[in-house]
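Worksheet: one structure, shown below.
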Amino acid sequence: MNHWIVAPIVLPAILAPFIIMVLRYHLDLQRIFSVAGVVALLGIALTITAQASGGDIQVYELGDWPAPFGIVMVLDRMSAMMVLLTALLALPIVLYAIGSGWDQRGNHFHALFHFQLMGVCGAFLTGDAFNLFVFFEVLLIASYGLMTHGGGSVRLKAGVQYVAYNLLGSTLFLFALGTLYGVTGTLNMADIAVRVAELPPEDTALLRVGAVLLLLVFCIKAAVLPLHFWLPASYANAPLPVAALFAIMTKVGAYSILRMYTLAFGPEVEATQGLVGDWLQPAAILTLAVGAIGILGAHHIARMVAFCAIASMGTLLIAISLFTPEATAAALYYIFHSTLATALLFLVADLVMERRGGAITPKPPMPQSGLVAALFFVGAIAIAGMPPLSGFVGKLLVLDAARDASNANAVWFVILVGSFVTIVGLARAGSLIFWKSHDVEYAGEDAPEEEETDERSAPEPQPGLAFTAVFGAVAGLILLTLFAGPALEYTSKTAEQLFTPERYISAVLGGEE
Amino acid sequence: MELLRRIFPHPQLTILLTLVWLFLANAPSLNSLVFGLILGIIIPFVTQPYWPDRPKLRNWPMVIEYMLVVLWDIVVANVTVAKIILFKRDADRQPNWVCIPLELRTPEAITVLAGTITMTPGTVSCDLSAQGHNLLVHCLDTSDPDAVRDQIKQRYERRLKEIFE
Amino acid sequence: MSLFLIAALPFLGAVFPALLIRAGRNAAASAAGLTTFLALMGLLIHSPAVLRGEVIAARFDWMPGLGLNANFMLDGLGFLFALLILGIGLLIILYARFYLSREDPMGQFYTYLLLFQGAMVGIVLSDNILLLLIFWELTSLSSFLLIGYWKHLPEGRQGARMALAVTGGGGLAMIAGMLILGNIVGSYDLSVILQNKELIQSSPHYMPALILILLGCFTKSAQFPFHFWLPHAMAAPTPVSAYLHSATMVKAGLFLMARMWPVLAGTDAWFYIVATTGLVTMLLGAVIALFKDDLKALLAFSTVSHLGLVTMLLGFGTKFAAVAAMFHIINHATFKAALFMTAGIVDHETGTRDVKRLGGLRHLMPITFTIGTIAALSMAGLPPLNGFLSKEMMLEETVHTTWLNSHCLVPGLAVLAAVFSAAYSFRFVSHVFLGPQRDDYPAKPHDPPVGLWLAPAFLVILVVLIGLYSAAIVGPLVAVVSSAVIGGEKLPYYSLKLWHGFTPALYMSVVATLGGLFLLALHRRGEQIWNALPRPEAKVIFEAIINAFTRLSRLITDELHNGVLSRYAVIFVTFTVGLGYYAYSTGTIGIETRVPLPAQIIPIIGWICLVGATLGIMWFHRNRLLSLVLIGVVGLIVSIAFNYLSAPDLALTQISVEVVTMILLLLSLNFLPTETPWDSAPARRWRDAAISVVAGIGSGALIYAIMMRDFAFPTISDFHLANSYKGGGGTNVVNVILVDFRGFDTFGEIIVLGIAALIIYALTESVLSTNVRGYLLNRKPHWPQSGDAHPLMMVVVTRVMMPIALMVGAYIFFRGHNQPGGGFIAGLIVAIAYLMQYMASGYTWAIERQRFYYHGTIGWGVLIAAATGLGAWFNERPFLTSDFGYINWPPLEEFEWATAMLFDTGVFLAVLGAVMLALDSLSRFAWQPGMAQEFPMDINPLRDDPPEEEEKEQV
Amino acid sequence: MMGFAIHFAFACFGAAIIMCLWRIITAEGVGTRVLALDTMVINTIALMILYGLFKGTEIFFEAAMIIAMLGFVSTVAYARFMLRGNIIE
Amino acid sequence: MEALVASAVGVLTAAGIFLILRRRTFPVILGLSLITYAVNVFLFATGRLALNAPAVLNKYEEVPYTDPLPQALVLTAIVISFGMTAVIVMIALSAYLSSKDDHIDMTAQDCVDAPGEDA
Amino acid sequence: MEFIFELLIAFFLIVSGIFGFVGSFGMIKLKDPMSRLHAPTKATTLGVGGVLLASICHSVLIEGHLSLHELLITLFLFLTAPITALFIAKWHIHRHEKPEDLPDAGEDELWATHAVEQVEDVPDHSAN
Ligand code: NA
Ligand code: NA
């Protein structure tokens with residue numbers, strides 16, 4: 001019995017109440033414990049990743065009830081990888097939130113942050129469909145709190161929309177789960193897989209409805225067109241470190257699609273034939289297109305980065321929708337990249353917004369302009385998939401994996417043209433924000449020295465820490481590039497594991513070969 | 001004694017709650033009694049701050065008498081109301097307001113009186129006056145508001161005054 | 001020196017200037033120079049081997065999974081280009097140190113420059129086309145930074161973006177081309193690809209690959225119609241222009257065409273695409289160059305023209321042409337870099353680059369004059385300079401070229417281009433240096449310090465020497481380079497010498513020179529004609545297109561994401577229903593296997609109430625209070641239905657949640673408008689109604705279909721029914737599922753609830769710390785308030801009700817494991833009991849008597865639940881494993897204990913705390929300063945007007 | 001006979017509920033509607049107990065009791081809202 | 001009976017969606033509540049309907065039991081949606097108080113010009 | 001004996017059914033809002049009380065075990081019905097009655113519902 005498997009869930013679940021109860025009035029201690037918690041989570045994630053990398057699938061039976069009757073957590077390569085990614089993402093973000101002073105602009109930031117991590121890790125680890133719903137709700141509700149952290153009328157309004165849309169999504173999740181249970185009589189994912197494979201033909205219509213509704217739920221999270229509408233306004237209006245953390249939320253959707261549609265509703269399963277292939281890829285292609293167009297058309301840096309997130313989800317889902325081991329390996333690599341890159345760009349956008357506001361128009365130069373510009377440049381390169389960062393590798397992987405697909409031409413065209421539009425859009429924004437400001441200065445346009453506008457942050461923010469955090473994200477991208485070889489090897493083996501679901505099933509259900 | 005008062009801030013409530021527990025459990029047993037008693041002690045202790053002043057019941061036989069009177073009135077007068085509702089033309093009915101000057105001062109007593117008035121058909125207690133010296137009652141059908149007032153004062157208020165004050 | 005190190009040195013060097021800039025400009029320049037010098041030396045170490053025809057390789061398996069490996073190779077072609085990049089780079093570093101002014105951030109400059117240099121070296125040394133792509137795109141990025149170096153100049157910014165768009169875009173096309181190529185061959189290693197000419201050229205994917213790769217090359221090398229970015233990139237500081245656009249970046253495209261020559265060239269497609277493009281570019285560039293007044297623009301278009309020349313040569317596909325191309329690349333690099341530096345010196349010293357404002361500088365700046373003239377004449381193709389030699393070879397080759405059966409077209413146009421080429425070269429000399437001295441130069445011109453002219457001087461010496469002793473100086477190099485280009489095959493016959501006899505090429509050269517002089521003489525006239533001609537301004541068109549696309553994108557984006565939630569929801573619903581229907585219709589469904597339960601009168605009445613209330617809500621929804629009342633009906637019916645259908649736990653939960661929700665909504669409605677105005681037109685409402693009805697039919701039909709069929713397999717709940725008592729110690733299976741079988745769900749669920757309360761609290765704090773507080777204090781209620789906020793009777797009844805309600809809560813809690821009930825419902829009931837007190841006596845009065853602290857209650861709840869779960873670890877069992885047993889304390893009857901109860905206690909506390917915190921927070925919005933009350937009820941005759949005997953007692 | 005009585009009672013309370021619904025929908029003031037809702041709740045309690053009696057089961061008791069206890073709270077909340085706007089002050 | 005339940009689910013869903021498509025926060029919240037009822041009943045009904053068979057084990061006799069699992073799921077769902085409702089009510093209220101506007105839609109001004117900057 | 005018990009129970013049920021019906025019917029039939037208040041508050045309460053009584057009788061007399069928990073429901077209803085009525089009456093007074101329409105409140109001058117602090121806050125008598 002390997003208790004490490006639940007540790008990523010239990011740790012934040014205990015830490016967060018502790019922060020609320022004991023440390024409520026001690027911001028410094030909250031920060032220390034919060035960072036320590038993230039570091040510990042990282043340690044746990046590394047441990048379980050090491051354990052999973054052997055290729056064995058480990059199962060943790062909560063309450064000591066065997067699957068499929070109780071809830072199980074399943075540690076395989078993919079879940080370990082996703083937990084690791086979560087922890088890796090959380091560290092720079094929590095440091096940034098502290099450094100920028102965002103955490104003190106409202107109450108309970110750190111507690112909500114850890115609850116969110118709990119939800120995300122739980123969603124990655126669980127092997128039970130309804131438990132997945134519960135963790136979705138945990139991460140969602142924490143995200144509602146984080147999104148509206150600090151208040152402000154526009155943010156709150158965006159928050160209402162975000163919550164309303166996602167509540168609709170949660171409702172759909174329940175419809176889907178109900179349908180699946182109503183047909184198969186089980187909730188355990190592995191058990192669903194077994195039963196779906198043996199399903200009598202006269203029940204396929206209902207099962208297919210359930211499967212497609214479930215897919216739609218995940219597509220909402222993954223911001224697949226036309227279910228992506230919740231994303232731009234909410235990400236753009238959220239506190240940007242929070243938006244950076246949300247980079248992992250869309251991945252939860254992607255992860256769930258991969259999980260359910262390799263395990264239970266795979267392309268070779270007769271009952272669910274053709275449910276994904278027919279439309280997921282076109283939708284993903286459109287997602288990328290809309291994302292890229294949004295980047296070019298954005299008026300505001302935060303909104304632009306939000307569209308970057310959409311575009312990168314488009315690319316990711318194109319890879320996922322191919323449903324081949326090779327493409328899945330590419331997708332998994334791309335998940336790592338796009339999460340870090342999106343987060344980085346959101347953090348940089350926050351640096352920009354804190355200094356000059358986010359409108360993509362020329363304004364007088366800001367403090368530390370050069371450094372911020374350099375970081376923006378790095379982030380832009382990463383998200384646009386330009387070399388030398390991992391985005392380029394990821395893009396090559398996806399393109400390479402798509403080459404034998406039936407509509408490879410469309411995929412290639414959209415990915416490449418999407419990159420082009422992204423590059424043009426980012427260059428335009430960067431030039432207007434960072435370069436044209438010098439023009440404003442040279443042209444002698446009045447540069448009203450904005451007095452300390454942020455009167456709420458009583459203790460001085462520590463920009464050093466904030467920059468360190470951003471550099472951390474950059475370092476992550478660089479490492480991901482340098483060690484692309486081993487990373488790709490890991491994701492390839494992960495994909496291989498995903499495409500042999502029998503191992504997962506027998507690990508969970510115990511020897512039912 | 002002081003300690004006892006602290007532990008049992010409200011013995012009547014303790015008894016009431018223990019009874020409630022026994023009703024809830026619906027199967028008399030020693031376990032239920034013990035458990036109910038424990039809760040019956042804990043809960044008054046916990047809720048103590050919410051009843052800063054509490055009435056003393058002085059005349060227990062009168063309590064019984066009062067309850068019987070009221071029950072009887074409820075049953076009898078309900079029939080009257082049913083008749084009015086079912087058979088009387090709405091236009092023939094004479095709804096009326098009645099003001100009842102109160103001699104009662106204890107909130108609990110006033111509450112019981114008002115409740116009684118409402119539960120006995122034909123009348124509903126609607127409001128207290130601004131300092132609580134009068135009770136406003138609405139009659140469903142009466143041609144003689146003063147009679148209603150006198151009956152209420154006679155039948156209920158008198159007894160309540162004996163019980164509470 | 002390892003090829004890795006040579007490729008890495010510039011990148012390492014890029015770090016230093018940025019770090020060293022505090023140490024001064026010289027330190028930065030020295031660091032840049034030193035690393036470049038080291039890399040150059042490392043390269044030169046390999047020269048003997050390269051000149052022997054050996055290929056040096058270095059391999060590192062970076063991503064074997066993808067085939068992207070860090071493989072480098074150094075052959076003649078790579079050597080030549082690396083030499084140019086590093087050699088000229090070194091000169092540029094020197095030159096830039098003196099050229100840039102004090103205000104310019106020099107650290108940044110050298111960093112960008114070295115990044116660029118590294119990328120270029122990477123391109124020419126790559127032995128893996130994916131690796132090459134990386135460096136290729138890196139050049140686009142670093143040149144973007146270099147061109148935009150002077151951020152304050154709009155031309156710089158626009159030029160940089162244009163360059164990035166064009167070259168980066170071309171690079172993207174090339175990615176596709178390279179992937180196709182690698183796919184054809186089965187490897188991304190150049191050395192492997194270059195061995196597979198037949199395979200590639202016979203592949204059906206040859207054409208797309210060719211076109212895509214050429215797109216990359218043409219954009220990078222500024223071939224028509226992508227030539228327009230190059231002149232605008234001249235907004236960069238002159239050292240950058242000199243480096244990027246004479247020696248390096250634009251040559252990258254040529255390099256790649258040369259690199260791929262063995263496998264791509266030789267087909268008709270190659271010839272017609274490449275040669276034609278080259279020819280057109282050569283001619284067009286030359287013509288435009290003649291009419292440019294900006295010195296750098298003139299040189300830029302001349303560069304375009306010469307790039308066209310080389311492209312055309314490569315496009316011919318013959319070995320001889322390839323040799324000529326390589327030779328011209330060397331020559332062009334030398335004279336063009338020198339010319340750019342000259343132009344930079346002139347600009348630097350006179351303060352202008354406008355030809356019209358210059359002239360007569362030869363006496364003022366003799367050294368510059370000498371350098372510039374020699375270089376320009378070489379460009380014009382005059383003997384004995386190196387430009388002459390390669391131009392001869394080019395003209396010679398055109399004579400043998402047939403274009404669509406025409407023998408004259410190519411040579412004719414080539415000569416025409418040469419004429420213009422000579423003309424602008426002469427113009428450079430005559431209009432800048434010759435002619436009368438002027439007195440209106442913006443600055444006082446004189447020769448620059450040696451640091452500025454040393455580098456161009458060195459280059460013109462090369463120009464002359466190569467012209468005179470070409471075979472000796474560059475002969476071996478040309479040979480080895482050319483042999484690399486033609487794929488190691490036997491070199492064609494050629495000779496690098498000035499005099500080949502009276503060949504057609506010689507006549508053509510003479511024509512070109514004379515024609516050039518003639519054109520220069522007619523320049524003024526020609527200029528008038530040129531200016532009168534309507535001609536498309538590529539930059540304007542490009543920007544118009546980009547702006548149009550930006551505007552279109554903005555329009556699409558803003559129109560699509562217009563912030564209207566209802567539209568998003570409509571799309572969501574229709575998409576979901578549509579796909580659901582699709583999924584259903586593509587599957588099969590069997591006949592009904594279950595007999596429906598009979599519908600008795602009571603359920604029918606319930607149904608009528610439910611439907612009536614629901615439709616009522618739809619109809620009356622604008623009256624918000626009424627909607628709430630109707631929602632109350634719905635909630636009531638639903639919970640009774642649960643009870644009726646054998647789900648008592650659900651009924652209890654639903655009804656308690658109902659009450660709390662109602663209180664919550666009423667609390668918020670106090671601040672919201674009580675009426676919803678008409679917002680949407682009737683047509684829209686009907687559309688919405690139609691969509692809703694379709695969705696409703698969908699969900700109803702779905703559940704009907706499910707209910708009418710049996711499970712396809714036995715459900716897992718059989719296990720729960722069988723093990724609930726045995727393994728979980730409880731007879732209420734639902735509760736055992738909640739606290740035991742699926743306790744982890746419940747654990748998550750209480751956390752959700754706790755978070756909800758936290759959010760509400762946090763938002764309250766946030767909102768009340770803004771000016772909203774002032775608004776709230778001054779706002780008028782919706783309608784006049786009645787008197788008697790805390791009626792006496794309510795208070796009295798609450799005093800009785802609350803303890804009883806708590807008792808009921810306790811009862812529901814303790815029986816939960818075995819009978820309907822449990823921690824959740826109990827928590828709600830207790831919370832409602834407290835709320836009753838709040839409502840009766842008021843918030844301030846009640847809160848003062850509140851003995852528990854809500855945050856702590858939630859926290860303890862979650863922690864107790866977690867601790868119960870963790871307790872199992874000590875028992876070496878998984879998280880949340882429960883245990884139970886029986887206690888026998890006579891005279892009491894035996895009773896059960898279960899850790900699940902402890903877990904349920906956690907649930908209870910979390911729920912209680914969460915509900916209280918949420919409602920408490922909302923109540924704080926309504927707080928007013930005068931609200932603090934001393935007494936639980938407003939009217940109390942006993943207090944205000946005690947009966948007489950008590951008065952007496954008190955006295 | 002008891003069966004008849006129960007069915008009679010069912011019919012009476014069922015009709016009562018429908019009348020309450022009618023009142024809720026058609027009444028002109030919210031006060032009457034709240035009253036009708038409260039009445040509906042009480043009628044529902046009667047129906048639940050009746051049904052339990054009819055089927056000889058106790059599972060309706062707790063729900064009926066909770067409804068009796070909590071229905072009052074929501075009625076008071078509505079009324080307080082109409083009287084004072086703020087239901088907890 | 002099944003038809004009654006199914007049609008009730010349908011009606012609740014339809015009304016819920018209709019209200020969600022309104023343009024003010026309050027009706028949208030009402031709509032979400034309605035659709036929550038719908039989905040709770042839906043989920044509950046996937047266990048198939050049964051009368052007089054609560055899943056409370058009877059120690060004395062063999063009696064039929066309804067499927068307890070969907071009930072447990074619905075319980076969890078009810079609780080979660082209660083939390084969600086509370087949150088959206090609060091956010092909507094805060095948004096209204098901050099802007100004195102209870103439109104649920106973002107205006108062009110909101111979503112284009114100044115995301116997050118008023119904070 | 002059993003028959004008599006059943007008869008008794010049936011009697012309770014029928015009476016309570018009638019009162020339950022009357023309670024709601026009154027709400028439909030009676031025209032003025034104050035009168036409507038009478039019907040449900042007591043007729044319905046009595047109706048439910050009858051059912052509960054029947055239930056108690058059934059378990060005690062027929063099934064032979066003491067089951068008094070129905071009394072709790074009765075207790076709650078009797079405790080709460082007057083409060084419900086009071087609040088609804090107050091709502092009516094607040095919205096629809098002017099002080100001069102009500103009987104004189106004696107020395108207290110105003111009824112509590114009308115006794116608001118500011119004079120201008122005396123309710124306007126618009127609908128709702
Ligand atoms: Na629960
Ligand atoms: Na357990």
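We name chains A, B, ... by the order of the sequence lines, and we start the count at 1 in each one. All values below come from the heavy atoms of this structure, side chains included, with hydrogens, waters and symmetry mates left out.
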### Query
Which atoms of E:I29 come close to chain C, meaning under 4.5 Å heavy atom to heavy atom: side chain ones, backbone ones, both, or neither?
side chain
### Message
Under a 4.5 Å cutoff for heavy-atom pairs, which residue among E:A77, E:G83, E:A50 has the most contacts with chain C?
### Response
E:A50
### Message
I need the minimum non-hydrogen distance between E:M1 and C:P598, along with the two atoms involved.
### Response
CB-O, 4.0 Å
### Query
Does the side chain of C:I737 reach to within under 4.5 Å of the side chain of E:Q71, using non-hydrogen atoms?
no
### Query
Under a 4.5 Å heavy-atom cutoff, which of C:L672, C:I637, C:L768 has the most pairs with chain E?
C:L672
### Message
Please classify the contact between C:S699 and chain E as side chain, backbone, both or neither, with a heavy-atom cut-off of under 4.5 Å.
### Response
both
### Message
Tell me which of these, C:R742, C:R594, C:R622, C:Q600, has more heavy-atom pairs under 4.5 Å with chain E than the rest.
### Response
C:R594
### Message
Under 4.5 Å from any heavy atom of chain C, what part of E:D102 do you find: side chain, backbone, both or neither?
### Response
side chain
### Query
Is a side-chain donor or acceptor of E:R48 paired with a backbone partner of C:R709 at a separation under 3.5 angstrom?
yes
#### Entry: Heavy-atom pair with the smallest gap, counting every atom of E:A72 and C:L738
O-CD2, 3.6 Å
### Winner by heavy-atom pair count (cut-off under 4.5 Å) against chain E, out of C:L628, C:L615, C:I755
C:L628
### Message
With a 4.5 Å cut-off on side-chain heavy atoms, are E:Y96 and C:P673 touching?
### Response
yes
### Summary
Output for pair (E:R22 CZ, C:D679 CG), nearest 0.5 Å, gives 8.5 Å
#### Entry: Nearest-0.5 Å distance that lies between atom CE in C:M707 and atom CG in E:L49
5.0 Å
#### Entry: Residue C:I631 versus chain E: region with a heavy atom under 4.5 Å
both
### Message
With chain E as the partner, which of C:N732, C:V752, C:L763, C:L753 has the greatest number of non-hydrogen pairs under 4.5 Å?
### Response
C:L763
### Task
With rounding to the nearest 0.5 Å, note down the distance linking OG1 in E:T85 to CG in C:L665.
8.0 Å
#### Entry: Contacting moiety of E:F44, where chain C heavy atoms sit under 4.5 Å
side chain
### Heavy-atom proximity to chain C below 4.5 Å, by part of E:S33
side chain
### Query
Any side chain to side chain donor-acceptor pair (under 3.5 Å) pairs touching residues 57-67 of chain E, not counting sequence neighbours?
A:Y181-E:D67, C:S717-E:D67
### Residue pair E:L12 / C:L610, side-chain heavy-atom distance below 4.5 Å
yes
### Query
For C:V734, is it the side chain, the backbone, both, or neither that has a heavy atom closer than 4.5 Å to a heavy atom of chain E?
both
### Query
Taking all non-hydrogen atoms of both residues, which atom of C:R684 and which atom of E:L21 are closest, and how far apart?
NH2-O, 3.0 Å
#### Entry: Region of E:F42 that comes under 4.5 Å of a non-hydrogen atom in chain C
both
### Task
Sort out for me which of C:V772, C:V693, C:L645 touches chain E most, counting heavy-atom pairs under 4.5 Å.
C:L645
### Atom group of C:I716 that falls short of 4.5 Å from chain E, counting heavy atoms
side chain
### Query
Side chain, backbone, both or neither: which part of C:I759 has a non-hydrogen atom closer than 4.5 Å to chain E?
side chain
#### Entry: Distance, nearest 0.5 Å, that separates CD1 of E:I17 from CZ of C:F572
8.5 Å
### Task
Select one option (side chain, backbone, both, neither) describing which atoms of C:F671 are under 4.5 Å from chain E's heavy atoms.
both
### Task
Under 4.5 Å, counting heavy-atom pairs only, tell me which of C:D710, C:V736, C:I750, C:N818 racks up the most with chain E.
C:D710
### Summary
To the nearest 0.5 Å, atom CE of C:M618 lies from atom CG of E:L34 at 9.5 Å
### Query
What part of C:P603 lies closer than 4.5 angstrom to a heavy atom of chain E: side chain, backbone, both or neither?
both
#### Entry: Part of C:E592 within contact of chain E (heavy atom distance under 4.5 Å)
neither
### Task
Would you mind checking which part of C:T764 comes under 4.5 Å of any heavy atom in chain E, side chain (CB onward), backbone (N, CA, C, O), both or neither?
both
### Task
Please look at E:L30 and chain C and tell me whether the side chain, the backbone, both or neither of the residue comes under 4.5 angstrom of a heavy atom of that chain.
both
### Query
Can you say whether C:I825 sits under 4.5 Å from chain E via the side chain, the backbone, both, or neither, judging by heavy atoms?
neither
### Message
Less than 4.5 Å apart, side chain to side chain, heavy atoms only: is that true for E:V41 and C:I703?
### Response
no
### Task
Report yes if the side chains of E:Y37 and C:T614 come closer than 4.5 Å at any heavy-atom pair, otherwise no.
no
### Task
Using non-hydrogen atoms and a 4.5 Å limit, figure out which bit of C:V638 sits close to chain E: side chain, backbone, both or neither.
side chain
#### Entry: Nearest non-hydrogen partners of C:G730 and E:L57, listed with the distance
O-CD1, 4.2 Å
### Task
Could you look at C:R685 and say if it's the side chain, the backbone, both or neither that has a heavy atom under 4.5 Å from chain E?
both
### Interface moiety of C:V564 toward chain E, non-hydrogen atoms closer than 4.5 Å
both
#### Entry: Any donor-acceptor N/O pair, E:D105 side chain to C:L565 backbone, under 3.5 Å
yes
### Summary
Rounded to the nearest 0.5 angstrom, the CG-CZ distance for E:L75 and C:F642 is 9.0 Å
## Note on the structure
So, the part of C:N771 with a heavy atom under 4.5 Å from chain E: the answer is neither
### Query
Which atom names give the shortest non-hydrogen contact between C:W607 and E:A8, and what distance separates them?
NE1-N, 3.9 Å
### Option in E:I91, E:L51, E:I35 with maximal non-hydrogen atom pairs under 4.5 Å from chain C
E:L51
### Query
Sub-3.5 Å donor-acceptor pair from the side chain of E:E2 to the main-chain atoms of C:L597, do we have one?
yes
### Message
Has C:S566 got a side-chain atom pairing as donor or acceptor with E:R23's backbone, closer than 3.5 angstrom?
### Response
no
### Query
Picking from E:V89, E:L4, E:T13, which has the most non-hydrogen pairs under 4.5 angstrom with chain C?
E:L4
#### Entry: Minimal non-hydrogen separation, E:A53 against C:S646, with atom names
N-OG, 2.9 Å
### Query
Does any non-hydrogen side-chain atom of E:V79 lie less than 4.5 Å from one of C:V657?
no
